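Only one structure is covered here, and it is reproduced in the block below.
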There are 2 protein chains.
Amino acid sequence: MDDPVDVRLAAEVSHDPRATLAQLSERVGLSVSAVQARLRKLENSGVIVGYQAILDPEAVGRPLSAFIEITPLDPRQPDDAPRLLEPLTAIEACHSVAGDAAYMLFVRVASPRELEALVSEIRHRASVNTRTTVVLQTFYEHRPMLSP
Amino acid sequence: MDDPVDVRLAAEVSHDPRATLAQLSERVGLSVSAVQARLRKLENSGVIVGYQAILDPEAVGRPLSAFIEITPLDPRQPDDAPRLLEPLTAIEACHSVAGDAAYMLFVRVASPRELEALVSEIRHRASVNTRTTVVLQTFYEHRPMLSP
DNA sequence: TCTGAAAGACACCCCTC
DNA sequence: GAGGGGTGTCTTTCAGA
């Protein structure tokens, strides 16, 4: 993505994905059709991966979140943790990381009891040790990657 | 949010926020007017916090991400780190956590050099020690909180 | 690649059942 | 909650520069 107008457009959409083409065209200084064409290109080329509604975790019954670092029990075994854990929908993100652990997960659950069950499930599904860091308060998250 | 139809609607919107009311009404089995009324209620009551376009980190020049745990240098001082760090747009999320550190950040930067600069900036802005865990690969993230 | 205009689809608000 | 009507706006497409 080289064009500065594309960057601006991506930033605008990133902040307000429900904006109409007319609003976007005003903000980036192009005609509606031009904006539409560029937006399509950004979507099809994979710059814009998708759109998402951000829900209130408490309102949807997942008030407790945590980071879980996982380490394979046997480092010599082939390691397939991300795929093995993918069906667990409580897991919002899965990264492999440099450092003590092999992977870092971010999870959302309903209760401490459910967190315990999830950790246990992760352990024996992927044959790993875990180290859980419970989130006490979220000050901000989902902040956009581009600032307009 | 108690009504199962609301849950279903939130799940649908969460997956496809750009769906039209007609499409949503088909998926949840209600009339368009009912869907519109419920959607407004979900937005106004704060269940739906907002909408976001998900961008490809590499395409927007932030291919490197990391977790940064931070610990106040002086635990007796009043602690204002989240507010002090808020202007740093490389920080995507800031949580207070239970465990060794006081806060966990998730950041996205362009390069190792920029990560170094960011860590340094965080340290003297908030008077904290840091422990950085670099992300090597992201298998998935932004997974929706509700599965339809 | 942009602009401009025309046609169809949609959101929105109000109403009645 | 369903269904309909009216209005304004938006999306989409296609012409032309």
Side-chain angles (χ1 to χ4, degrees), chain A residues 1-62 142-148, chain B residues 1-63 110 142-148:
Chain A
M1 194 177 52
D2 27 85
D3 192 307
V5 181
D6 280 343
V7 177
R8 177 111 176 84
L9 182 57
E12 289 296 341
V13 172
S14 165
H15 278 79
D16 181 11
R18 312 251 304 179
T20 65
L21 295 177
Q23 292 170 319
L24 293 174
S25 91
E26 218 176 281
R27 292 176 204 166
V28 304
L30 282 184
S31 73
V32 171
S33 339
V35 166
Q36 187 184 31
R38 281 172 180 265
L39 201 54
R40 271 178 134 78
K41 212 173 62 180
L42 289 177
E43 288 169 354
N44 294 333
S45 69
V47 175
I48 296 176
V49 179
Y51 299 90
Q52 193 176 35
I54 300 171
L55 305 179
D56 177 10
E58 305 196 6
V60 301
R62 307 274 203 92
H142 306 299
R143 299 216 303 180
M145 272 183 257
L146 295 176
S147 11
Chain B
M1 194 179 52
D2 26 86
D3 192 307
V5 180
D6 278 343
V7 176
R8 177 109 175 86
L9 181 58
E12 288 297 340
V13 172
S14 165
H15 278 79
D16 181 10
R18 311 203 72 183
T20 65
L21 294 177
Q23 293 171 319
L24 293 175
S25 91
E26 218 176 282
R27 292 176 205 167
V28 303
L30 283 184
S31 72
V32 173
S33 357
V35 167
Q36 187 181 18
R38 280 172 182 266
L39 199 55
R40 276 183 74 101
K41 211 173 62 181
L42 289 177
E43 286 170 355
N44 293 333
S45 68
V47 175
I48 296 176
V49 179
Y51 298 90
Q52 194 178 32
I54 299 171
L55 305 180
D56 177 10
E58 304 196 6
V60 301
R62 310 274 204 91
H142 306 299
R143 299 216 302 180
M145 271 182 257
L146 296 177
S147 11

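Given the structure is predicted, the values throughout are model-derived calculations rather than measurements. A, B, ... follow the sequence lines: proteins, then strands. Residue 1 opens every chain.
- With respect to B/Asp16 and B/Arg27, a salt bridge is recorded, a charged nitrogen being found less than 4.0 Å from a carboxylate O.
- With rounding to the nearest 0.5 angstrom, the CG atom of A/Leu21 is 12.0 Å from the CG atom of A/Leu30.
- Here the OH atom belonging to B/Tyr51 is positioned 16.0 Å from the OG atom belonging to A/Ser14, to the nearest 0.5 angstrom.
- For B/Arg40, no side-chain nitrogen or oxygen approaches OP1 or OP2 of C/dA11 to under 4.0 Å.
- Atom-to-atom, CD of B/Glu43 to C1' of C/dA11 comes out at 12 Å; the value is rounded to the nearest Å.
- In this structure, CG of B/Leu39 is placed 9 Å from P of C/dC12, rounded to the nearest angstrom.
- Residues B/Arg143 and A/Gln52 approach most closely at C-NE2, 4.0 Å, considering heavy atoms.
- Summarising the geometry, atom CD1 belonging to B/Ile54 is positioned 9.5 Å from atom NE2 belonging to A/His142; distances are rounded to the nearest 0.5 Å.
- Residues from residues 23-33 of chain A with heavy atoms under 4.0 angstrom of DNA chain C, sorted by number: A/Leu30, A/Ser31, A/Ser33.
- No donor-acceptor pair under 3.5 Å is formed between the side chain of B/Glu43 and the backbone N or O of B/Arg40.
- For the pair B/Arg38 CZ and D/dA2 P, the interatomic distance rounds to 8 Å; values are reported in whole Å.
- Checking A/Leu24, A/Asn44, A/Val47 one by one against A/Leu39, the side-chain contact (heavy atoms from CB on, under 4.5 Å) holds for a single residue, A/Leu24.
- The number of heavy atoms from other shown groups lying within 6.0 Å of CD (B/Glu26) does not exceed 12.
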For DNA chain C, produce a single dot-bracket line, 5' to 3'. Pairs: Watson-Crick or G-U wobble, both distances under 3.5 Å. Symbols: ( ) within strand, [ ] crossing, | other strand, . unpaired. ||.||||||||||||||
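- Contact annotation: B/Gln36 side-chain N/O to C/dC12 OP1/OP2 distance is under 4.0 Å.
- Atom CG of B/Leu21 and atom C1' of D/dA2 are 15 Å apart (whole Å).
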